[in-house]
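Whatever order the structure lists ligands and atoms in, that order sets their numbers, starting from 1. For the numbers below, each heavy atom of this structure counts, side chains included, while hydrogens, waters and symmetry mates do not. Predicted, not measured: the structure shown is a model, and the values here were computed from it.
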Amino acid sequence: MDKNCVFCRIIAGEIPSQKVFEDEDMLIIKDINPNAPVHLLLLPKEHYANIIDMTEAQSQNLARCIKKLSTIVDDLGLEDGFRLVSNKGENGCQSVEHLHIHILGGERLPEKLA
Ligand code: 5GP
Ligand code: ZN
């Protein structure tokens with residue numbers, strides 16, 4: 001845990017959040033400033049800044065977290081589809097340095113960048 005990291009503090013329960021799913025590997029919360037009708041953040045519980053910094057073990061943990069989405073998307077209002085985004089660094093406009101995956105959906109999203 002990094003005590004200066006807002007997502008570590010959310011995971012530790014020090015900062016309140018709207019949790020929609022939690023298990024031993026990850027927390028999924030509602031984004032405080034949503035950009036879509038459903039805008040969630042998948043937070044691995046372990047602190048690392050981004051996919052470039054992550055270890056092999058962390059990458060396997062992240063893969064497990066993403067795989068688990070298949071069992072919960074319908075309960076999250078994402079049954080008609082969704083978009084996963086992970087911003088990295090300045091050009092990616094990353095603002096919180098704890099790896100997170102945005103999960104966006106709940107309507108047909110604007111045309112994609114990629
Ligand atoms: P980034 O810009 O790093 O890709 O995404 C960070 C996201 O975290 C933003 O969408 C922002 O709204 C969200 N965020 C920042 N602080 C908090 C917080 O304290 N609680 C919640 N739920 N979301 C946050
Ligand atoms: Zn953190």
Side-chain angles (χ1 to χ4, degrees):
M1 146 132 193
D2 178 337
K3 61 180 176 2
N4 297 315
C5 169
V6 63
F7 288 168
C8 281
R9 297 188 65 202
I10 285 173
I11 290 161
E14 293 175 11
I15 295 175
S17 66
Q18 286 188 274
K19 298 181 187 183
V20 301
F21 180 83
E22 182 168 19
D23 69 6
E24 66 277 15
D25 294 322
M26 66 171 160
L27 182 62
I28 301 180
I29 62 172
K30 293 189 181 180
D31 196 291
I32 205 169
N33 185 22
N35 289 317
V38 180
H39 186 170
L40 307 172
L41 299 170
L42 184 165
L43 313 177
K45 288 194 169 174
E46 198 175 339
H47 177 92
Y48 52 99
N50 55 61
I51 61 161
I52 303 302
D53 289 355
M54 79 183 165
T55 64
E56 182 62 31
Q58 287 163 342
S59 78
Q60 287 175 16
N61 178 273
L62 181 61
R64 257 200 320 276
C65 292
I66 292 171
K67 175 67 184 139
K68 218 171 292 171
L69 284 177
S70 64
T71 64
I72 55 178
V73 282
D74 288 0
D75 297 333
L76 301 177
L78 299 166
E79 59 277 9
D80 293 332
F82 54 87
R83 184 175 294 163
L84 303 183
V85 174
S86 189
N87 297 316
K88 153 70 174 97
E90 194 175 342
N91 280 6
C93 301
Q94 181 177 12
S95 61
V96 179
E97 299 278 314
H98 177 129
L99 182 123
H100 51 283
I101 312 259
H102 296 262
I103 306 170
L104 298 147
E107 69 178 11
R108 188 174 175 85
L109 297 169
E111 280 301 309
K112 47 199 180 173
L113 289 172

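Ligand 1 has Cys93 within reach: a non-hydrogen atom of the residue lies less than 4.0 Å from it. Using 4.0 Å as the threshold, Val85 has no heavy atom nearer than that to any atom of ligand 1. Between Gln18 and ligand 1 there is no heavy-atom distance shorter than 4.0 Å. Residue contacts with ligand 1: Ile15 is excluded, as none of its non-hydrogen atoms falls under 4.0 Å.
The neighbour count for Glu79 CD, taken as heavy atoms of other residues, nucleotides or ligands under 6.0 Å away, is above 12.
With a 4.5 Å cut-off on side-chain heavy atoms, His47 and Phe7 do not count as touching.
Scanning the protein for heavy atoms near atom 9 (C) of ligand 1, the closest one is Asp31 OD2, 3.4 Å. Scanning the protein for heavy atoms near atom 8 (O) of ligand 1, the closest one is Phe7 CZ, 3.4 Å. Among all protein heavy atoms, the one lying closest to atom 24 (C) of ligand 1 is Ile32 CG2, 3.5 Å. Of the protein's non-hydrogen atoms, the one nearest atom 18 (C) of ligand 1 is Ile10 CD1, 3.9 Å. At the top of the distance list for atom 1 (P) of ligand 1, counting protein heavy atoms only, stands His100 NE2, 3.2 Å. Looking only at heavy atoms of the protein, atom 22 (N) of ligand 1 is closest to Lys30 O, 2.9 Å.
Annotation for ligand 1: atoms under 4.0 Å from non-hydrogen atoms of Gln94 are 3 (O). Atoms of ligand 1 found under 4.0 Å from any heavy atom of His102 (numbered from 1 in listed order, with element): 1 (P), 4 (O), 5 (O), 7 (C), 10 (O). Here is the list of ligand 1 atoms found below 4.0 Å of a heavy atom in Asn33: 12 (O).
Taking all atoms of both residues into account, the shortest heavy-atom contact from Val96 to Gln94 is O-NE2, 3.0 Å. Taking all atoms of both residues into account, the shortest heavy-atom contact from Ile10 to Ser17 is CG2-OG, 3.5 Å. Closest approach of Ser59 to Met54, counting heavy atoms only: CB-CE, 3.5 Å. Between Ser86 and Ile101 the shortest heavy-atom distance is CB-CD1, 4.2 Å.
One finds an angle of 120° at the Zn ion (ligand 2) between SG on Cys8 and SG on Cys5, to the nearest 10 degrees.
With Ile29 as the partner, the side chain to side chain contact (heavy atoms under 4.5 Å, CB included) test is satisfied by one option alone out of Ile11, Leu40, Leu42, Leu41: Leu41.
Ring orientation note: the planes of His39 and His102 are tilted relative to one another, at an angle of 30° to 60°.
Minimum-distance N/O/S atom of His98 relative to the Zn ion (ligand 2): ND1. The Zn ion (ligand 2) is closest to atom ND1 of His47 (considering only N, O or S atoms).
No side-chain donor-acceptor contact under 3.5 Å links Glu107 to the backbone of Leu109. Proximity of a side-chain donor or acceptor of Asn61 to a complementary backbone N or O of Arg64 within less than 3.5 Å is not detected. Side-chain atoms of Lys45 do not come within 3.5 Å of backbone N or O of Glu22 as any donor-acceptor pair.
At a heavy-atom distance under 4.0 Å, atoms from both the backbone and the side chain of Ser95 approach ligand 1.
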